[in-house]
Amino acid sequence: MSNKNEENTRKSSAYSPTDVEDRTYAKWMDRGFFHGDPKSDKPPYSIVIPPPNVTDVLHLGHALNNTIQDILIRKHRLEGYEAVWIPGSDHAGIATQVIVQKKLVEEGTTRRELGREKFLERTHDWANKNKETILGQLKKIGCSCDWDRTRFTLDEGLSNAVAQVFKHLYDKGWIYRGHRIVNWCPSCQTSLSDDEVEHKDFDSSLWYIKYKIKGSDDYLTVATTRPETMLGDTALAVAPKDARFKKYVGKTVILPILEREIPIIADSYVDPEFGTGVVKVTPAHDPNDFEIGRRHDLEEINILNTDGSLNENAGKFKGMDRYKARKQLVEELQKKGQLDKIEKYELSAGTCYRCHKVIEPYLSEQWFVKMNELAQPAIDAVKTGQIKFHPDYWSKTYLHWMENIRDWCISRQLWWGHRIPVWYAEDGTMFVSVDRPTAEACPGYDPETLVQDPDVLDTWFSSWLWPFSTMGWPDKTEELEKFYPTKVLSTASEIIFLWVARMVMAGYEFMGNLPFTDVYIHGTVRDANGIKMSKSLGNGINPLEIINKYGADSLRMSTVLATPDGQDPWISKNTFEIGRNFINKLHQVSRFVMMRLDGRTPEINNVNDSDLVLFDRWILSRLERTIQAVDKAFNEFKLSNASKLLYNFVWNDYCSWYIELIKPDQPGTPIRPGSIDVATYTLVQILKLLHPFVPFVTDNIYLELLALTENNKEETIQFSGWPKTDGKHIDNELEQSLEQIQAVVTAVRSARSELNVHPSKQSDLYIRVNDAAFGELLEKHKDYFRSLARVENLFVGTEIKRPPLSASAVISGAEIFIPLEGLIDIEVEKKRLEKELDNLKNQLIKLSKKLANADFLARAPQEVIDKEKTKKDDYQERIEKLNKNLEQILGW
RNA sequence: GGGCGGUUAGCUCAGCUGGUUAGAGCACCUGCCUUACACGCAGGGGGUCACAAGUUCGAAUCUUGUACCGCCCA
């Protein structure tokens, strides 16, 4: 078998995409086809790319996401919109800085040794290199981005936008600086916003620590998941109404080990049901304790250094890592008899979304954005349907977050990013300014002595401006005028909060309008076992590897076909064979059509309705139906559906039936002119419909066809117009007629195959029809379907007699006989008919029961009852005929 | 603990405004290098639609509950 395959591959004319695709893309770029012109009269259609992080090489998730966007862009470009897709990349603050820092360590240095300026130079170099690679990869996929508009979140223009926004919000009182508990990543050594924290479950313990009450031998026992934070305790708290502890409130306990004296307080935050009913209060290391601390005016003792080690407030544990300190501290408590017990406990702890290490709640000075007022218009936009999510259920997730929104911590203790536009004088006076304040802006101070805030802003503080900052905001550009708001934002669900929601808020606040009207949320790519593809697991598939092997068109088509709308696709390497096979099919059928033009000029845009036979009208009907269905799928953002509709239309209707039907009986004879015209016209429509999905192969075939016409100035399919349909070719009756013919063909094929008749053997065919009209239909078109059923002579009529030693088949409205003297095996034929008979009898029993049910007859709509009755009659008739045929066989 | 998805053929998925003999691709079996395509053609086998109860003349489709898988939030 494998030898045979190799042989076939060798002499195969299979489509080979790799050479075609690079050449084609270069031409598209050269001609500037992707440029969106703000001066154009065409209606605008714009998308901004979710900027890939400069740390990311392209993975299948990007391939999917960007294929979706390219499909939408190309579809609308075809439709006559002025389409623009703005590309770019994100500086990815923490992620990038962490990687570059690691490299420095490998080189035996650190960022602090290098200094801020040098470090930023290094990082820019590294980012630039990656940017090139990533954008190059998008080009390989075929993305039709407007590359002249490529932006980077740390661009001068975008940086200016960021500073403007900061000042705007500060002036409005919506940005403030505060001493708050934030999420601290000791590994990345920066704060994180709540949304950058991922909760994970860990097997951990609950430690029960005994605190001795001053001036008594009593102890209060406290359960904690982080015993080392005890060192920062400044109170114990109980529920105000808890009778067990009422007598202790107001007294003090001695903090074990450090021997500090701390008060016992009552606070309604404490849940008397949880643990022992007594909690330790560590205002500097727990957000709830922080609140309690503020209410009771407690001291806030920070015990951690920025790297997660303990500081001087931790006494003898100073300098020790948090986990090492925990172990020693627990041992010591045990020795002192102050550890009551240890219980197993499943702990849900926050981890850093970049390095995945456990974060620490940490008290520090940070910048925050007040979100409540920003959120309101963004909530309304989704509630009123101005912005729609696809699938719709994501709007619930979005609204839930928005309605419970919390202030956004935007400062990061990093170097890589937009520096916070705030300057301080020595006396602590603060100036918020887009650039270093001028002398007028800081009266009484020398601007040169002002020191800028050392921190940078959250990466997302630049990303949330992306839909308009990329178009030149805050300047009033013609791009903004033409292309804002954008149409669709396509992304995975992970960044609905981090990014999508914030863009909506920024859109309303700074542009006074929504940033996009539709949010398309696609699934997350998983491997063949359903595991999320990730770098660390090494189960990812490199899109470039797939492109090299199968071509970008295959990658795109396969990915879209395999991605159920709204669900996670499971993709393995052979998923891509589907696309490859399909593209080859398209290539082959195009070759066939062009070969069979026989010098005719191909029909590109119109078809002459006056010279059509049944099959021609049928494929046109199917075509229009498909166009309508595809349009509907696009309107509903069901791209996978659209791709499947096209796949089926091309493979089944067009290739398997239509092309086979128009092939002449005799090899070498030209195809009927009317039919070859319909074949080329339909092919062109197929190419247009498929172009968004498989841009390379369709553009090339289109141009090959065009080259055969006189009107061959067009250089690409991209602006050639999206197929339109007024439905005038749609004809139900016609489609039914063809289904009848297909039923005959299938019945003959099935009988022959089951009787093991060699495909090359031709045979006669006798068809006894119930009514003359069906007979006429078959008679009239017999030349067309003869070859499909390997028929030599065809006899049709209502009075046809069964020839001796013939195989038979019964379909609705007709009996089919195939004389097979010498070939027919009576036993096999008998079994065949019996099987079919069984099948029908079972169906008939079910139907009869249904029709005997008085309730059914009384309550079901008449239409349904009639349908069932007709069906019953049909089954009964076929059973009778089958019985008769079977009897005849037994007589042979 | 709360919310959202999912559970249909060996695998990945359609079908879900209730009425079809429950479909497709891959895989499998049989035959075929048939005038584009073996990355192909033709034929075939394979599913009590997770489970339970309910609504209904009728449920894969609607309701409720249960189980399991996944995601998000706390």
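Convention: sequence-line order gives letters A, B, ...; per-chain numbering from 1.
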For [X] and [N], give me the distance from atom [atom1] to atom [atom2], rounded to whole Å.
X         : N      : atom1 : atom2 : result
Leu851(A) : G19(B) : CG    : P     : 17 Å
Ile659(A) : A36(B) : CD1   : P     : 12 Å
Arg580(A) : C39(B) : CZ    : P     : 7 Å
Ile818(A) : G43(B) : CD1   : P     : 13 Å
Arg406(A) : C73(B) : CZ    : P     : 10 Å
Leu597(A) : A36(B) : CG    : C1'   : 13 Å

Identify whether any heavy atom of [X] sits under 4.0 Å from a base atom; if not, whether one sits that close to sugar-phosphate; answer base, sugar-phosphate or nothing.
X         : result
Ala860(A) : base
Arg591(A) : sugar-phosphate
Pro569(A) : nothing
Ser760(A) : nothing
Lys846(A) : nothing
Thr746(A) : sugar-phosphate
Tyr550(A) : nothing
Tyr654(A) : nothing
Arg526(A) : sugar-phosphate
Glu754(A) : sugar-phosphate
Asp392(A) : nothing
Pro391(A) : nothing
Arg878(A) : base
His758(A) : sugar-phosphate

Under 3.5 Å on both distances, the Watson-Crick or G-U partner of [N]:
N      : result
U63(B) : A53(B)
U17(B) : none
G45(B) : none
G5(B)  : C69(B)
A24(B) : U12(B)
U35(B) : none

Practice problem: Quick one: sort the His390(A) and Phe637(A) rings into parallel, tilted or perpendicular, breaks at 30° and 60°. | Solution: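 The arrangement is parallel - the two ring planes meet at less than 30°.
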Taking only the side-chain heavy atoms of [X] (C-beta and beyond), determine which of [options] contains the nearest atom.
X         : options                : answer
Tyr875(A) : A36(B), G43(B), U21(B) : U21(B)
Phe856(A) : C57(B), G25(B), G44(B) : C57(B)
Lys867(A) : G19(B), C13(B), U21(B) : G19(B)
His400(A) : C32(B), C41(B), C73(B) : C73(B)

Test for a donor-acceptor pair under 3.5 Å between the base of [N] and the side chain of [X], counting only N and O atoms.
X         : N      : value
Lys638(A) : A14(B) : no
Arg596(A) : U35(B) : yes
Lys396(A) : C4(B)  : no
Glu660(A) : A42(B) : no

Where do [X] and [Y] come nearest, in terms of heavy atoms and distance?
X         : Y         : answer
Ala789(A) : Val748(A) : O-CG1, 3.7 Å
Ser558(A) : Ile578(A) : OG-C, 4.3 Å
Ile583(A) : Ser554(A) : CD1-N, 3.3 Å

Exercise. Just do the side chain to side chain donor-acceptor pair (under 3.5 Å) check on Asn700(A) and Glu704(A) with the steps written out, would you?
Key: CA-CA 6 Å; Asn700(A) 279 285; Glu704(A) 275 179 63; over 6 Å; no
Exercise. Return no unless some side-chain N or O of Arg859(A) is found under 4.0 Å from OP1 or OP2 of C57(B).
Key: yes
Exercise. Give a yes/no on whether any side-chain N or O of Trp651(A) is located under 4.0 angstrom from OP1 or OP2 of C39(B).
Key: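 Checking C39(B) against Trp651(A), no side-chain N or O comes under 4.0 Å of OP1 or OP2.
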Quiz item: For Ile531(A), does its backbone N or O pair with a side-chain atom of Arg526(A) as donor and acceptor, under 3.5 Å?
Solution: no
Pick the [atom1] atom in [N] and in [M], then give their distance to the nearest Å.
N      : M      : atom1 : answer
G23(B) : C16(B) : C1'   : 14 Å
A14(B) : A9(B)  : P     : 13 Å
G19(B) : C13(B) : C1'   : 25 Å

Self-check item: RNA chain B: 5'-proximal contact among Gln567(A) and Arg790(A) (nearest heavy atom)
Solution: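 Taking each residue's closest nucleotide, the earlier one in sequence belongs to Gln567(A).
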Quiz item: Of Lys850(A) and Ser787(A), whose nearest nucleotide on RNA chain B comes first from the 5' end?
Solution: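 It is Lys850(A) whose nearest nucleotide is closer to the 5' end.
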Quiz item: Are Tyr398(A) and Trp394(A) an aromatic pair by the rule of ring centers under 6.0 Å?
Solution: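 Aromatic pair excluded; centres sit 6.0 Å or further apart.
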Exercise. In plain terms, say whether Arg878(A) and Asp874(A) are close enough for a salt bridge, that is, a side-chain N and a carboxylate O under 4.0 Å apart.
Key: yes
